[in-house]
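Everything numeric here is computed off the predicted structure, so don't read it as measured data. FYI, side chains are in, hydrogens and waters are out, and symmetry mates aren't considered; it's all heavy atoms of this structure.
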Amino acid sequence: MRLQRPKIMYFLFLPQLPDASGYVGFANLPNQVHRKSVKKGFEFTLMVVGESGLGKSTLINSLFLTDLYPERYIPGAAEKIERTVQIEASTVEIEERGVKLRLTVVDTPGYGDAINSQDCFKTIIQYIDNQFERYLHDESGLNRRHIVDNRVHCCFYFISPFGHGLTPLDVEFMKAIHSKVNIVPVIAKADTLTLKERDRLKRRILDEIAEHGIKIYQLPDADSDEDEEFKEQTRVLKASIPFAVIGSNQLIEVKGKKIRGRLYPWGVVEVENPEHNDFLKLRTMLVTHMQDLQEVTQDLHYENFRSERLKKAGRAVDEDVMDKDQILLQKELEKNIPLNAQMQFRNIKSFEHSDYSYLHNSRKF
């Protein structure tokens with residue numbers, strides 16, 4: 001008796017697709033871009049510029065909850081007299097919920113410290129241009145897959161709260177770099193100002209920025225399809241410029257909670273309290289518009305630099321071509337001129353040269 005092989009039923013389970021007849025899969029593209037971006041990580045370069053003692057290092061440490069300057073040397077007054085501006089770039093890898101950020105903070109110790117500060121910002125401008133030049137060189141090379149972007153995407157410019165607005169150095173510096181980098185004006189040590197003094201100083205700074213034609217970073221308008229909360233946040237951030245901030249690396253216990261703040265005899269100033277200063281607004285602006293800062297750097301500032309470099313290279317090529325054309329034209333003319341005319345022309349030239357030599361030698365006697 002012949003045994004029959006039992007029949008095995010195979011079932012293929014396919015994922016449920018919404019309306020499979022009209023589904024292609026384009027909706028999955030944002031997820032692919034997200035996974036690729038998270039795997040690659042992000043790069044951002046922040047420059048901080050301002051006079052010594054305005055709390056630049058403290059604010060940066062407060063913003064990113066890290067210690068970028070553990071052993072900073074503070075020079076004395078005698079050393080600052082002839083001190084030149086230095087460039088110090090510190091890079092730190094920050095990871096939050098699986099997202100990696102390669103943050104480079106460029107500090108400029110010595111800015112505005114010397115007695116003669118006329119040329120103190122030339123070193124800073126040269127550094128910004130050098131980063132553009134390096135990126136252009138890497139972009140024009142053969143291996144463009146692993147280009148490190150060290151271009152300065154944003155510049156926090158610290159303004160002293162002790163004056164009555166911008167100083168001449170503030171105006172000249174911002175006018176010199178506003179076409180090269182995104183400027184975000186910051187009023188340092190806002191806890192030294194009353195609320196009325198802070199509002200008055202903000203209006204004065206904005207009026208002087210407009211008067212001198214300085215272009216600072218403008219926050220993009222919220223799209224019409226954004227939710228009302230994001231629109232309100234954008235409106236509040238725009239109204240807060242320039243940001244009046246406080247920084248602190250100290251943790252103080254207030255009502256059983258540890259907070260970052262500054263302890264005074266009359267009370268505590270909380271760094272992350274929006275009623276005390278604009279620290280949270282500045283951090284929100286930097287985080288939510290970090291991509292826009294990079295795009296403005298790429299599409300505006302870098303493209304301007306790139307076009308100028310290409311124009312200069314084009315002019316050099318045109319001058320070289322003109323020189324070659326003149327040489328060819330001279331050779332063509334010599335071919336067409338009769339031999340006796342060429343001999344006469346050369347005799348005239350040699351006579352003029354000998355006559356000049358005779359006059360020159362006679363003056364020696």
Trace of the side-chain contact (heavy atoms from CB on, under 4.5 Å) decision for Leu46 with Phe64: CA-CA 12 Å; Leu46 173 66; Phe64 300 103; 4.1 Å; yes
Residues Gln298 and Arg151: side-chain donor-acceptor under 3.5 angstrom: yes
Report yes or no: do Gln131 and Tyr302 form a side-chain donor-acceptor pair below 3.5 Å? no
Looking at every heavy atom in both Leu219 and Lys238, which two are closest together, and how far apart are they? O-CE, 3.1 Å
Quick check: do Met47 and Cys154 have side-chain heavy atoms less than 4.5 Å from each other? no
Interatomic spacing from CD1 in Ile205 to NZ in Lys202 - rounded to 0.5 Å: 9.5 Å
Does any N or O in the side chain of Asp227 come within less than 3.5 Å of the main-chain N or O of Phe230, such that one atom is a donor and the other an acceptor? yes
Side chains of Ile187 and Phe243: does their closest heavy-atom pair fall under 4.5 Å? no
Using side-chain heavy atoms (C-beta onward) and a distance below 4.5 Å, is Lys100 in contact with Phe42? no
Look up atom CE in Met174 and atom CG in Leu169, then write down how far apart they are to the nearest 0.5 Å. 9.5 Å
Ser307 side-chain N/O to Asn304 backbone N/O, donor-acceptor pair under 3.5 Å: yes
Determine whether Val171 and Ile125 fall in the same hydrophobic cluster, where Ile, Leu, Val, Met, Phe, Trp and Tyr are linked whenever their side-chain heavy atoms lie under 4.5 Å apart. yes
Any heavy-atom pair between the side chains of Ser90 and Thr104 that's under 4.5 Å? no
Before you tell me yes or no, could you show the steps for Leu101 and Glu43 under side-chain contact (heavy atoms from CB on, under 4.5 Å), namely the whole-Å CA-CA distance, both residues' side-chain angles and the distance that decides it to 0.1 Å? CA-CA 6 Å; Leu101 172 66; Glu43 297 173 332; over 6 Å; no
Can you see which heavy atom on Gly165 is nearest to which on Leu201, and at what distance? N-CD1, 3.6 Å
Following the transitive rule for hydrophobic clusters with a side-chain heavy-atom cut-off under 4.5 Å over Ile, Leu, Val, Met, Phe, Trp and Tyr, establish whether Val236 and Val186 coincide in one cluster. no
Salt bridge (Lys or Arg N to Asp or Glu O under 4.0 Å) contacts in which one or both residues fall within residues 191-201, not counting sequence neighbours: Asp191-Arg262
Counting neighbours of CZ on Arg134 that are heavy atoms of other residues, nucleotides or ligands and sit closer than 6.0 Å, is the number greater than 12? no
Got a second to check how far Cys155's SG is from Leu293's CG, nearest 0.5 Å? 11.5 Å
Within the structure provided, determine whether Arg102 and Asn150 are in side-chain contact (heavy-atom separation under 4.5 Å). yes
Short side-chain to backbone donor-acceptor contact, Lys281 and Val245, under 3.5 Å: no
Approximate separation, where rounding is to 0.5 Å, of Ile177 CD1 and Glu172 CD: 12.5 Å
For a side-chain contact (heavy atoms from CB on, under 4.5 Å) with Glu270, tell me which candidate from Ile259, Ile252, Asn277 qualifies. Ile259
Nearest heavy-atom neighbours spanning Tyr217 and Ile241: O-CD1, 4.5 Å
Quick one: which residue pairs count as a side-chain hydrogen bond (donor to acceptor under 3.5 Å, both in side chains) with a foot in residues 177-187, not counting sequence neighbours? Asp129-Lys180, Asn182-Thr297, Asn182-His301
Are there over 12 heavy-atom neighbours, none belonging to Lys231, within less than 6.0 Å of that residue's NZ? yes
Locate the shortest heavy-atom distance separating Thr108 from Val49; write the atom from each residue and the value. OG1-CA, 3.6 Å
The reported gap from CD in Glu295 to CE in Met290 (rounded to nearest 0.5 angstrom) is 13.0 Å
For residues Leu136 and Arg309, determine if any side-chain heavy atom of one lies less than 4.5 Å from a side-chain heavy atom of the other. yes
What are the two closest non-hydrogen atoms of Ile124 and Tyr111, and how far apart are they? CD1-CD1, 3.9 Å
For the pair Phe158 and Phe156, name the ring-plane relationship: parallel under 30°, tilted 30 to 60°, perpendicular over 60°. perpendicular
Can you tell whether the side chains of Glu208 and Arg204 come within less than 4.0 Å, N to carboxylate O? yes
Verify whether one side chain among Asp170 and Tyr157 offers a donor that lies under 3.5 Å from an acceptor in the other. yes
On a heavy-atom basis, the closest approach of Gly247 and Thr58 is C-CG2, 3.5 Å
Is there a side-chain contact between Leu263 and Gln250, using heavy atoms and a 4.5 Å cut-off? no
Using modelled atom types only, decide if a donor and an acceptor are shared between the side chain of Lys189 and the backbone of Pro161 within a distance under 3.5 Å. no
Test side-chain contact (heavy atoms from CB on, under 4.5 Å) applied to Leu63 and Phe279, step by step: CA-CA 8 Å; Leu63 276 174; Phe279 175 85; 3.8 Å; yes
Step-by-step side-chain contact (heavy atoms from CB on, under 4.5 Å) determination, Leu103 to Thr91: CA-CA 6 Å; Leu103 174 69; Thr91 303; over 6 Å; no
Side chains of Ile87 and Thr123: does their closest heavy-atom pair fall under 4.5 Å? yes
Is the ring pair His153/Phe44 parallel, tilted or perpendicular, if the boundaries are 30 and 60 degrees? parallel
Co-membership, hydrophobic cluster, residues Leu193 and Ile159, 4.5 Å side-chain: yes
Can you hop from Ile246 to Val254 via hydrophobic side chains spaced under 4.5 Å? no
Indicate, with yes or no, if Val287 and Met285 share a hydrophobic cluster defined by side-chain heavy-atom contacts under 4.5 Å among Ile, Leu, Val, Met, Phe, Trp and Tyr. no
Between the CG atom in Leu282 and the CG atom in Leu237, the distance rounded to the nearest 0.5 Å is 9.5 Å
